[in-house]
Trainee: 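Structure below; questions to follow.
The figures here come from the full heavy-atom set of this structure, side chains too, leaving out hydrogens, waters and symmetry mates.
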Amino acid sequence: MARSLTPHRKRPEEVRRMLQVDIIPTIGNIKISKLTRRNLISKALDPITARGSKVQANKTLSLLKQMFDFGIQRGLLEYNPMALT
């Protein structure tokens, strides 16, 4: 986060909040190799949409895409499960 996301954001605290509130509690215990588009949408994005925060769901989707792209660059992943959404 310190190297990739925070330096390029006007409001890095928003990224931190998304991670702490919407991403880590819902998918933080799932191994990276087991993350699929389907479980990311159902576990992370659908609950945000269900609470009426469609804009926040789109921001979280964007953050997830960036996180997985970073993982690919670092050799942690072969593909971005959120690339086609």
Side-chain angles (χ1 to χ4, degrees):
M1 182 161 156
R3 277 193 242 168
S4 181
L5 295 174
T6 304
H8 305 290
R9 300 281 179 149
K10 290 180 184 176
R11 297 181 53 206
E13 67 278 358
E14 177 65 17
V15 174
R16 197 168 290 111
R17 191 206 64 74
M18 280 191 279
L19 287 168
Q20 292 173 344
V21 174
D22 295 320
I23 297 174
I24 293 172
T26 57
I27 63 169
N29 293 328
I30 302 172
K31 289 185 178 186
I32 223 170
S33 61
K34 301 291 182 192
L35 290 172
T36 64
R37 180 179 303 114
R38 183 180 201 168
N39 66 19
L40 286 165
I41 291 170
S42 66
K43 293 180 185 293
L45 300 178
D46 284 348
I48 299 169
T49 304
R51 70 178 188 235
S53 301
K54 292 181 182 180
V55 172
Q56 187 62 41
N58 284 333
K59 289 179 182 181
T60 304
L61 172 61
S62 176
L63 178 62
L64 286 169
K65 287 179 180 180
Q66 291 172 45
M67 288 172 49
F68 289 119
D69 284 342
F70 181 79
I72 292 168
Q73 292 171 0
R74 296 290 177 161
L76 300 171
L77 295 167
E78 295 294 320
Y79 70 98
N80 183 339
M82 300 306 286
L84 299 177
T85 55

Trainee: Search all heavy atoms of S42 against all heavy atoms of P47 and return the closest pair with its distance.
Mentor: O-CD, 3.4 Å
Trainee: Which atom pair, heavy atoms only, marks the closest approach of K34 to N39?
Mentor: O-ND2, 3.3 Å
Trainee: Restricting to pairs with a member in residues 23-32, which pass side-chain hydrogen bond (donor to acceptor under 3.5 Å, both in side chains), not counting sequence neighbours?
Mentor: none
Trainee: Establish whether I48 and V21 are linked, either directly or via other cluster members, by ILVMFWY side-chain heavy-atom contacts under 4.5 Å.
Mentor: no
Trainee: Quick check on side chain to side chain contact (heavy atoms under 4.5 Å, CB included): which of T49, V55, L45, L40 does T60 satisfy it with?
Mentor: L45
Trainee: Between D22 and K59, does any side-chain N to carboxylate O distance fall below 4.0 Å?
Mentor: no
Trainee: If I take atom CD1 from residue I27 and atom CD1 from residue I32, how far apart are they, to the nearest 0.5 angstrom?
Mentor: 9.0 Å
Trainee: Between R17 and E14 (salt bridge meaning N to carboxylate O under 4.0 Å), is one present in this structure?
Mentor: yes
Trainee: Would you give the length of the straight line joining atom CG of L76 to atom OG of S33, rounded to the nearest 0.5 angstrom?
Mentor: 11.5 Å
Trainee: Check whether more than 12 heavy atoms from other residues, nucleotides or ligands sit under 6.0 Å from atom CD of E78, and answer yes or no.
Mentor: no
Trainee: Can you measure from NZ (K65) to CG (N80) and round to the nearest 0.5 angstrom?
Mentor: 8.0 Å
Trainee: I need the Q56 CD to N58 CG distance, nearest 0.5 Å.
Mentor: 9.5 Å
Trainee: About how many Å separate CZ of R37 and CG of L64, when rounded to the nearest 0.5 Å?
Mentor: 12.5 Å
Trainee: If two hydrophobic side chains count as joined below 4.5 Å and joins carry through other members, does I23 share a cluster with L77?
Mentor: yes
Trainee: I need the minimum non-hydrogen distance between M82 and I41, along with the two atoms involved.
Mentor: CE-CG1, 4.1 Å
Trainee: Between I72 and Y79, what is the shortest heavy-atom contact and its length?
Mentor: CD1-C, 3.5 Å
Trainee: Tell me if the CZ atom of R51 is crowded by more than 12 foreign heavy atoms within 6.0 Å.
Mentor: yes
Trainee: I'd like to check the side-chain hydrogen bond (donor to acceptor under 3.5 Å, both in side chains) partners of S62; sequence neighbours left out, ordered by chain and number.
Mentor: Q66
